[in-house]
Amino acid sequence: SGAFGDMFRYLGMYQALEEVPVDKKIFLADRNRMFDLPRRQEEVIEYYAQQFPEYQEQIRHFLGQEKNIFETTALFSLDPSHQSLLTQINFTESDIIPLLQYVRTLGMPPELEVLLCSFAICCSGTPANEISLSTLCRINYGLNDNLVRFADGGDAVIECFMQAVEKYNIRLLTNTQIAECIPEPGNGRKECHKVITSTGKTITFDNCIFSTHPIDIFRTISPISNNVLFAERIREFEEKDVPGGPCFDY
């Protein structure tokens, strides 16, 4: 669901990927009770409503809120007609209120609270009293609506992407470093839109986006990393100790 599926559709890859549904089971050990969740969010709503008939109103309210937050998150839509929404992004109350605080206002039993909030663990194991309502809803909707894997796993996705790389004339360089940065003349600012790689290739660009561990920047752009102030700035990025390994704020 959402941007992930849209990405495959826009690249013409969707038909080449075979979806394999993933079973979703939640076992509450202290209740000795298993919940076998169906696919599609509408079906999940009806399933929980049958399991907890006296709390149907709260269930429909919470999961309806979940769908609304997901569908109004502009960054989740690749449809060009929605891109104007990106300039209108504002924080709402759902981005601020802790999930647990919100859920407690609905007056549901503990086991139902656990079921509705269980996918919070998919966001680095964030406790329900720390994660926001909107963050949980954005995670939950996709997992409730259409959780699948692909036949042949990641190899199938890589094969499709490589076909798209060829179609759109994207260049992939590996084992390559930036050997020299060619500064832009003018206005006194040190800007670079042209580099020479360690293989001798010249690459020009409007913007450069790094998606890597910050310390790897030193190895990638070695000429700039010799600048003391630049090196200090990189080392100031805060490393966080989170489940699954360290992450950085930068």
Side-chain angles (χ1 to χ4, degrees), residues 1-20 22 74-80 83 86 122-125 138-139 142-143 146-185 189-250:
S1 299
F4 198 50
D6 287 344
M7 178 174 65
F8 294 136
R9 282 184 279 271
Y10 275 103
L11 292 174
M13 296 164 51
Y14 194 80
Q15 298 303 320
L17 294 169
E18 180 185 348
E19 291 184 352
V20 180
V22 175
L75 291 172
F76 283 2
S77 176
L78 300 185
D79 190 325
Q83 294 308 299
L86 293 177
C122 295
C123 184
S124 302
R138 290 171 183 137
I139 296 170
L143 297 177
N146 190 24
L147 182 61
V148 301
R149 63 180 180 86
F150 298 119
D152 296 327
D155 289 341
V157 178
I158 291 173
E159 183 178 346
C160 287
F161 268 119
M162 293 308 295
Q163 293 173 5
V165 162
E166 183 176 351
K167 176 181 178 181
Y168 292 105
N169 195 30
I170 298 170
R171 288 183 295 169
L172 297 177
L173 303 178
T174 59
N175 298 320
T176 303
Q177 293 180 317
I178 297 174
E180 183 180 356
C181 298
I182 311 301
E184 285 284 311
R189 294 181 60 189
K190 290 185 178 181
E191 293 187 5
C192 171
H193 296 282
K194 181 186 294 185
V195 298
I196 299 176
T197 71
S198 55
T199 60
K201 291 181 177 290
T202 300
I203 300 175
T204 59
F205 50 86
D206 291 327
N207 296 288
C208 177
I209 300 173
F210 280 93
S211 175
T212 183
H213 191 293
I215 303 304
D216 283 337
I217 295 175
F218 290 124
R219 291 192 288 269
T220 305
I221 50 177
S222 54
I224 297 179
S225 65
N226 292 329
N227 183 296
V228 175
L229 293 178
F230 180 82
E232 288 180 356
R233 182 178 178 188
I234 295 296
R235 293 192 179 97
E236 285 176 356
F237 294 144
E238 181 182 356
E239 185 169 354
K240 291 186 175 180
D241 184 16
V242 298
C247 69
F248 284 79
D249 286 335
Y250 69 101

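Atoms NZ and CE, on Lys167 and Met162 in that order, are 15.5 Å from each other to the nearest 0.5 Å. The distance from the CG atom of Leu173 to the CD1 atom of Ile178 is 10.5 Å, given to the nearest 0.5 Å. Going from atom CD of Glu180 over to atom OG1 of Thr197 covers 11.0 Å, rounded to the nearest 0.5 Å.
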Any chance you could lay out the side-chain contact (heavy atoms from CB on, under 4.5 Å) test for Thr204 and Lys194, step after step, and finish with the verdict?
CA-CA 4 Å; Thr204 59; Lys194 181 186 294 185; 3.7 Å; yes
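For the residue pair Phe205 and Val195, the shortest heavy atom distance occurs at CE2-CG1, 3.9 Å. Taking all atoms of both residues into account, the shortest heavy-atom contact from Arg171 to Ile203 is NH2-CG2, 4.1 Å. Residue Thr176 comes nearest to Thr174 through the heavy atom pair OG1-O, 2.8 Å, listed as atom of the first residue, atom of the second, then distance.
The number of heavy-atom neighbours closer than 6.0 Å to CD of Glu19, taken from other residues, nucleotides and ligands shown, is above 12.
For Ala156, the side-chain contact (heavy atoms from CB on, under 4.5 Å) partners two or more places apart in sequence, or in a different chain, are Leu17, Asp152.
Side-chain contact check for Phe150 versus Asp155: every heavy-atom pair is 4.5 Å or farther apart.
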